[in-house]
Amino acid sequence: MPFVELETNLPAERLPPGLAQTLCAATADILGKPAERVNVTVRSGLAMVLSGSAEPCAQLAVSSIGVVGTAEQNQRHSARFFDVLTAQLGLGTERIVIRFYPLEPWQIGKNKTVMTFL
């Protein structure tokens, strides 16, 4: 059950229509998880500074069970997420940062239990 959170200082009107759905489909493809399990949040218009500059930028946080736990996995994921983000946001790679967080099934609650028991 991946969670993807995009934060950007770009105003909402500069984001492409359907960005959350695009990120959902891309995440499913990149991480090899069903789109029905992907959760996406997009926050725009934030006060942000990246590498000392308030120029347009974005941060992506990717959390998931079993697929973001090694440097090798995340190197492959990073390249693909950067392709999506640069195309969708019109930002250079130097204005985007991605953080990966491995999750354990017991850390995600759903349907009155945790993923361990589903």
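Taking the side chain as every heavy atom from C-beta outward, L6 and L85 approach each other to under 4.5 Å. You'll find the side chain of R14 stays beyond 4.5 Å of the side chain of S44, heavy atoms only. Considering only heavy atoms from C-beta on, V114 stays 4.5 Å or farther from P105 through its side chain. Contact check for T41 versus R43: side-chain heavy atoms found under the 4.5 Å cut-off. The closest side-chain heavy-atom distance from T86 to I96 is below 4.5 Å. Contact check for L103 versus V68: no side-chain heavy atoms found under the 4.5 Å cut-off. Taking the side chain as every heavy atom from C-beta outward, K33 and T27 never approach each other to under 4.5 Å.
No continuous path of hydrophobic side-chain contacts links L60 to M1 [ILVMFWY only; heavy atoms under 4.5 Å]. Under a hydrophobic-cluster definition in which Ile, Leu, Val, Met, Phe, Trp and Tyr are linked whenever side-chain heavy atoms come within less than 4.5 Å, directly or via other members, F3 and L19 are assigned to different clusters. Both I65 and L118 are assigned to one and the same hydrophobic cluster, defined by single-linkage of ILVMFWY side chains at heavy-atom distances under 4.5 Å. Under the 4.5 Å side-chain contact rule for hydrophobic residues, F82 and F100 share a cluster. Under the 4.5 Å side-chain heavy-atom criterion for ILVMFWY residues, a single connected hydrophobic cluster contains both V84 and V62.
Of all heavy-atom pairs spanning P56 and N9, the tightest one is CA-OD1, 3.2 Å. In this structure, G69 and P102 approach most closely via the heavy-atom pair CA-CB, 4.1 Å. When all heavy atoms of R95 and S51 are compared, the closest pair comes out as NH1-CB, 4.4 Å. Between L89 and A58, the shortest heavy-atom distance links the atoms CD1-CB, 3.7 Å.
Test V4, T22, L15 against V42 for side chain to side chain contact (heavy atoms under 4.5 Å, CB included) and you get one pass: L15.
Residues in residues 60-72 take part in no salt bridge (Lys or Arg N to Asp or Glu O under 4.0 Å) pair, two or more places apart or across chains.
Note that CZ of R37 and CG of L31 are 13.5 Å apart. Values are rounded to the nearest 0.5 Å. Distance CD/Q75 to OG1/T70: 9.5 Å, rounded to 0.5 Å. A distance of 4.0 Å separates CE in M48 from CD in Q59, rounded to the nearest 0.5 Å. Here OG of S53 is found 9.5 Å from CD of E94. Values are rounded to the nearest 0.5 Å. To the nearest 0.5 Å, the span separating CG on D29 from SG on C24 amounts to 11.5 Å.
Counting heavy-atom neighbours within 6.0 Å of Q21 CD, excluding the residue itself, gives a total of 12 or less.
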